[in-house]
Each structure stands twice: as C-alpha cells, then as structure tokens.
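Inspection log for the structure reproduced underneath, given as structure tokens.
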Amino acid sequence: MLQTLLAEGRPLLADGATGTNLFAMGLTSGDSPELWNAVHPDRTQALHRAFVDAGSDIILTNSFGANRRRLMLHGLEARTRELNRLAAQNARKVADSAGRPVVVAGSVGPTGDLIAPLGPLSEDEAVEVFVEQIEGLREGGADVAWIETMSAAEEIRAAALAAAKCGMPYTITASFDTAGRTMMGVAPAAFGALVEAFDPAPIAYGANCGVGASDLLAAILAMSPGRPGAPLIAKANAGVPQWHGTHIHYSGAPELMATYAGLAVDCGARIIGGCCGNTPAHVAAMRRGLDAHEPSARPDVEAVVAALGALVAPPAAEATVRTRRRERA
C-alpha cells in the first residue's frame, strides 16, 4: 500500500510520537509501552485513531522496543511475537475503519545492544532478533516494516536483511543526533549510499528523532542532492527537548511543525511526520501545512535555520567555524 500511495506523487503524512502520548495517557516510567498492546488495547487504538483523525496517511505500531533484547528488561521476552502481532492488529483495526487508505507501519527500533566487536551481539544474532519481531508484525497485518532510530551500519544492515527474510517491504530511518552524524558515526550521505545498496532496497529512507527539526532537515538536505528521485522520510521531534523538572518538554509548538512540514517537502522529503513530542495537534498542524504548501526552491541550511531555529548539534566543521567567530568577536 505504501508504494501505491507514493506513486500518487503527493507528500504523505506519517503520525507523531508514541511514547510521549502514551505517558500522557497514563503510562508510567519504567513500564513497557509495548505491553499496552495487550493490557490497554483501547488506549493504544485511541492514539492511532487520533493520528488518523489528524490526517495521517501512515500510522506506526506501538512496537518500537518490542524486540527480544529490549523486552528482556521487562521480563517479557517470551511474548515478543505475541506483542508485535497485537501491536499490528491494534493499528490495523484503526486503519481499516478509517474510510481511506492508511498504511500500518510496523515500528522496529534498535536492539539496545552494540554489535560485535564493540558489543555482545553479532550481526547474525541481530538478524534473528529482528526476524522474530518482524514476523509478529507481519502476522498482525502490518503493511511495511518501519525500521527507525538506527545508528550503526551493522544494525541497519541486520534489520534490512531480517525484513527481506520475512518477505516484508521496509523503510529505514536513522537518528543524526551527534554533530550531524549518528551516534555511531554514520553521515547522512553515507547512510543513503549504504541503504540503496541493499537487495531489496528500502521503499523509502531518511531521518527521524534527533535533536530538533532544523538538524533533521539538515540531514535530509545532505541526503538529497545526489538522489533526487529517492523517497525520503523526515520525522522530526517537536522542536528541542528540554528538561522541566522531572519531565521533558519539547519546544516546538504545532505552528512550528506546520512550517517544518512544508520545508521538508522542499528539502526533498516525500514522507513527513513527527517523532518525540508530537501530539495529534502537531500532526494536524503538519496536515494543514502540507495541504497549504506551495512548492518552492530547495532551501539551504541557512534558510531552514531562519524558519525553524538554530541547529542544536551542527556538524563538527560548522561548530568549529562558529567557535572561531566567537573568539574573534
């Protein structure tokens, strides 16, 4: 279904945050969000429905941390396949009642382990972990495996291979939150080259999460010049995360995300959505921003910053230039 919607040519709107909104619905720190697929399916479905009502074309399942390695932290590893199946079923029920095409994207996050030789998990073991999760999502009715918030090339490759083994179409996004690169040093342009070499290649790829909307669009700009036809994904946090006492607050109001959505299209993104901090109100604003958007010339980073605010974690070379400017001032 995702390929069909992309073929229509219009920008597609993905949903917003899962964890942020589940906490607002009663999830407590230390609990497993994925267990809510079993114990609170009504609340999980209510969140999906709120995103569909806000205009989302794509909803992500509540399964970001539903792999065996992460569920082990909650003593739930034996329920891995079940919880992923339920996650997809909850989203499928909402999508099928939407009255229009809505893609169910099976969210697949990192294992939480470093891959050998830096950590305890081999690539082959990582593939097995992802296969178990993706099989559950496929059984529950997910249309596509939505591999997200990745950092290491080895884990990205393992997740893509797992999707291929399961016969699932897939997308991949990475989080470029460390001086313009992922935590494990992958640059946006290198990420594009990496994933386009996979067989089969992802339906779409791009960036999610990170440290702010400006930084994320800078990553999209770095991916797009040599790949003008690539379906890119931009799924940014709602501004910059800030601690307010014991709670994280995101600086971006819905109006900021409306501006971001239009800019994302001009940067080359075909799928636009929100990650941490994005409520249904933010997604509704992005819907309005996309519907009202008039295509403009591809912006540069300076234009993005002027519209959305300064980069939080600029690439090292840019950070050095800024430091030198301050020293001369």
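Residues: numbered from 1 along the sequence shown.
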Quiz item: Can you name the salt bridge (Lys or Arg N to Asp or Glu O under 4.0 Å) partners of D266, sequence neighbours left out?
Solution: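 With neighbours one apart ignored, the set is empty.
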Quiz item: Tell me, which pairs form a salt bridge (charged side-chain N to carboxylate O under 4.0 Å, His left out) where one or both residues lie in residues 24-53, sequence neighbours left out?
Solution: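 Salt bridge (charged side-chain N to carboxylate O under 4.0 Å, His left out) check on residues 24-53 returns no pairs.
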Quiz prompt | Within residues 288-299 or reaching into it, pairs that qualify as salt bridge (charged side-chain N to carboxylate O under 4.0 Å, His left out) - sequence neighbours excluded | solution =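 Listed once each, the pairs are R287-D291.
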Residues forming a side chain to side chain donor-acceptor pair (under 3.5 Å) with [X], sequence neighbours excluded:
X	value
D15	K235
T171	none
R181	none
R79	E82

Exercise. Find out whether V102 and I58 are in side-chain contact, i.e. whether some heavy atom of one side chain is under 4.5 Å from a heavy atom of the other.
Key: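 Not in contact.
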Self-check item: Residue pair S214 / V312, side-chain heavy-atom distance below 4.5 Å
Solution: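 No - every pair of side-chain heavy atoms lies 4.5 Å or more apart.
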Quiz prompt | Co-members of the apolar cluster containing V131 [side chain, <4.5 Å] | solution =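 Its cluster mates, by chain and number, are V127, L161.
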Practice problem: List, by chain and number, the other hydrophobic cluster members for L121, where Ile, Leu, Val, Met, Phe, Trp and Tyr join if side-chain heavy atoms come within less than 4.5 Å, directly or indirectly. | Solution: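 Reading the cluster by chain and number, L121 sits alongside I115.
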Self-check item: Minimum heavy-atom distance between A160 and I147, given as atom pair plus value
Solution: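 Minimum heavy-atom separation between A160 and I147: N-CD1, 4.0 Å.
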Quiz prompt | ring-ring contact (aromatic ring centres under 6.0 Å, His included) pairs, two or more places apart, involving residues 48-96 | solution =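 Sorted pair list comes back empty.
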Practice problem: Any pair with a residue in residues 135-179 that passes ring-ring contact (aromatic ring centres under 6.0 Å, His included), sequence neighbours left out, goes on the list, sorted by first then second residue, please. | Solution: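 Every ring-ring contact (aromatic ring centres under 6.0 Å, His included) pair that includes a residue of residues 135-179, provided the two are not neighbours, is F176-F191.
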Quiz item: Should R81 and E139 count as an ion pair when the cut-off is N to O under 4.0 Å?
Solution: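 Counted as a salt bridge, because a side-chain N and a carboxylate O are separated by less than 4.0 Å.
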Practice problem: Please identify each residue that fulfils ring-ring contact (aromatic ring centres under 6.0 Å, His included) with H40, with sequence neighbours left out. | Solution: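 H40: ring-ring contact (aromatic ring centres under 6.0 Å, His included) contacts with W36.
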Quiz item: Side chains of N208 and T149: do they bring a donor and an acceptor to under 3.5 Å?
Solution: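 Per modelled atom types, N208 and T149 side chains form a pair under 3.5 Å.
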